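Because the structure is predicted, anything quoted here is derived from the model rather than measured. Whatever order the structure lists ligands and atoms in, that order sets their numbers, starting from 1.
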Amino acid sequence: MYQSKLFTPTLKEAPSEAQIPSHILMLRAGLVRQLGAGIFSFLPLGYRIVKKVMGIIRTEMDRIGGQEFHLPALNPIEIWEQTGRVEAMGDVMFHIKNRDGLVLAPTHEEIMTYHARQHVKSYRDMPQIWYQIQTKFRNEPRPKSGVLRGRQFTMKDSYSLDNSWEALDTSYDKHAEAYREIYKKSGLKFFVVGASSGSMGGSDSQEFMVESSFGEDTCAICDISGYAANIEVATSALQPIGRIQSDDLPSKFATPHAKTINDLVDQFCFDKNRCAKSVIYIADSKPYLILMRGNDELNEAKFQHFIGAIQCRAADPDELLHITGAHAGSIGPIGISSTCTIYADNLLKDANGLICGANEDGYHYSSLDLLRDTNVHAYADFRVVHAGEPCINGNNPLRIVNAIEVGHIFKLGTRYSQALGATFVDEQGKDHPIIMGSYGIGVERIIACAIEQNHDDKGIMWPLSIAPYHVHLLGLGLHKSAEAVKACSDIHTMLENSGIECLFDDRDISPGIKFNDADLIGITFQLIVGDKGLNQRQLELKIRATGERILIPISEEYGGLTNILTTIQKQIIHNTIQ
Ligand code: ATP
Ligand code: MG
C-alpha cells in the first residue's frame, strides 16, 4: 500500500478531551475519529487492526466449534420484556423513539435464546456454540476513555447451549481456553479473576483483566502465585490479632479530642490494631454494626454479599445518632440497641483488650472482650485488602492494581431459557430448559489495551499479530534518487507478493516527519531505504518495540532482495506468538 494514497491523518497533538494513552494515540495515529460522546469512526488504518483482532477471535472461536451468526441490532422489545431485562437494563438500553416496540441490543442473550427456542428441541441437538462479532449499543453514562467505553462498540458474544450441567462446564472451559489464546495471540498480558468453583451451580463467572492505571476495576494480584481477585472479593493471609493476657473489665474514659482512630493512637498510645472501629450500615432497612480493626476499611460488597442484602448503605449522621446515641467516632458495640445486629471482621475473631466507642460523644471503653462483652452474630472477611498483605497462596506480597476488563465468561444456567420457554426433550421424553452460557469480548478494548501495554512517548508499538501492516517501508529522499525509488518499489512488490503486508511511505516529505509518523503509527518493523544505505550496500530494519536495528547487506540487486526477505521472514517468525 502506498502511504501517499492511504487516508491516514496523523496529528501532532490530540484534542484535550483525550486523557489516556490509548485514546490519545488512536486519535494521533489516525486510527479513529470521534463522532460524539462514546461514538467513534474507525479510519482505514484503524479498521485494519479491528479486522486483525476479529480474525484472531474467529480462529479461536471456530477452533472450539463455534458457529458464526449475525444477529440484528434492532430488537423487538417484547423479547426483552419476557426476561425482565428492559427494567434491569434501565437507562443503559437505547429505545427507538419513532417506532414503538424496538430497542437497540446492548447484548444478545435474549435473541440467541429466542432462536434456540425455535429450533433446538432435543437433547440430540446439543451442544451448540453460537457466536457473532457485532455492534452493541449501550447508553454508558460516562464514556470518557475513548473506545474503551463506547456507546456503540463491537463485541464478540457467544452463547453455549447444553443438555446437562456437566456439558455446560465443558463449553465454559472451552471458552476459557479460547479466551486465553485470543489475548495471548493479541499480545496482551492479562490475568483472570472471578469465582470458578467448577461446581454445578450454574453461576460461575470469570473476567479477563488487563493491568492499567486507567482501568475502572481494582484487583489484588500476586505475581508469584498467580492469585488474582477483584478487590470486592479479594482476601489475604493476614492473621487475626488474637487475645492478650487480661481480665480487665471495660472501663469508660473521656476522649474529648479523639475523633478518629489515629487521634486515639496519638493521644493514648494504644495499639492501632486493638482500637476497634465500629461502622453502622443499613441493609434492606435493618441496622447493622460492623467491627473491624482500627486501620481497616469495610468492604461493602463483601458485607452485602455475606448478609445477602439487596440494598446496603452507610447510615447517615441522623440515623447514627438515633441508633447509637452518638456521632461517628464514638460508636461501639457495648450497650448498642438489640435491634442492631453485630458482625465483626475475621481479624478480630474472639479478640480482647480492645478500645471501642462508648456510644456517647467524647467517650470510649477500654478492655472490650468480644467473647465476654458483646454478642457478635458472626465473624467473616469484611475488610478491604491492602497492597503488601500476604497472598493466601504462599504469603508473597499482594499488589493492588487498576485493571480493564477485556472479557467475561459466565454460566447463565437456565435463567434465559426458562424465561423464554426454550426447552428440550431428554432421552426419557421429559422437558428441561436449555442450559446456557454467555461469553463476551470487547474488540475495541483489546485494541486499546494493546496500546496501553505497548507504547512509548513516540507512539504505538504494535504486536505483530494485530499491527495494521507488518512492515513500514520508509523511502527516504525519493524525489532526488531514482535508485531509491526503484529499490523501494521492488522491495514493496516483493514483500506484498510474499504475503508480507507492507505500507510504503512514498510521500514527498522530510525523513524526520516519516520517522516520527512511523514511530507514532507503530508498525512492528520499519525498513529504511534511502541513497545512503543503498550506497553503503546495507539497509536498516528497525524493530519498533525495542529500537533494535538490524543491518541487512545487499551486495547485488537480486541477492539484496533475497536478504531483505529472509531477514524479515526470520523476524516475523521470531515475533509471532505461538
Ligand atoms: P463494564 O463493567 O466495563 O461496563 P460489562 O460488565 O458491562 O463491562 P459485559 O456486558 O460483560 O461488560 O460485556 C462483555 C465485554 O464487552 C466486556 O468484557 C468488554 O470487553 C466489552 N464492553 C462492555 N461494555 C463496553 C463498552 N461500553 N465499550 C467497549 N467495550 C465494552
Ligand atoms: Mg457495562
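- A cation-pi contact, defined as under 6.0 Å to the ring centre and within 45° of the axis, is absent between Arg138 and Phe94.
- Under a 4.0 angstrom heavy-atom cut-off, Val443 registers as lying outside contact with ligand 1.
- Remark: ligand 1 and Gly150 share an N or O pair separated by less than 3.5 Å (distance only, no angle test).
- Not close to ligand 1: Glu444, with no non-hydrogen atom less than 4.0 angstrom away.
- Near Glu140, the atoms of ligand 1 lying under 4.0 angstrom from a non-hydrogen atom of the residue are 24 (N), 26 (C), 27 (N).
- Distances between N or O atoms of Met155 and those of ligand 1 include no value under 3.5 Å.
- Heavy-atom distances between Val406 and ligand 1 reach below 4.0 Å in at least one pair.
- Between the side chain of Arg48 and the main chain of Pro468, a donor-acceptor pair closer than 3.5 Å is present.
- You'll find the ring centres of Trp130 and Tyr159 outside the 6.0 Å limit.
- Remark: aromatic rings of Tyr183 and Phe190 are close, center separation under 6.0 Å.
- Ion pairing of Glu60 with Lys184 is absent here, as no side-chain N (NZ or NE/NH1/NH2) approaches a carboxylate O to less than 4.0 Å.
- By the side chain to side chain contact (heavy atoms under 4.5 Å, CB included) test, Ser171 is found to be paired with Ser160, Asp162, Tyr439, residues two or more places apart in sequence or in another chain being considered.
- Nearest to atom 18 (O) of ligand 1 among the protein's heavy atoms is Glu405 OE2, 2.6 Å.
- Relative to the six-membered ring of Tyr172, Lys411 meets both conditions, a distance below 6.0 Å and an angle of at most 45° to the axis.
- Heavy-atom separations between Asp217 and ligand 1 are all 4.0 Å or longer.
- In the candidate list Arg149, His408, Glu216, Arg149 is nearest to atom 3 (O) of ligand 1, counting heavy atoms.
- The protein non-hydrogen atom at the shortest distance from atom 7 (O) of ligand 1 is Arg138 NH1, 2.9 Å.
- Close N/O approach between Phe153 and ligand 1 is not found [any backbone or side-chain N/O within under 3.5 Å].
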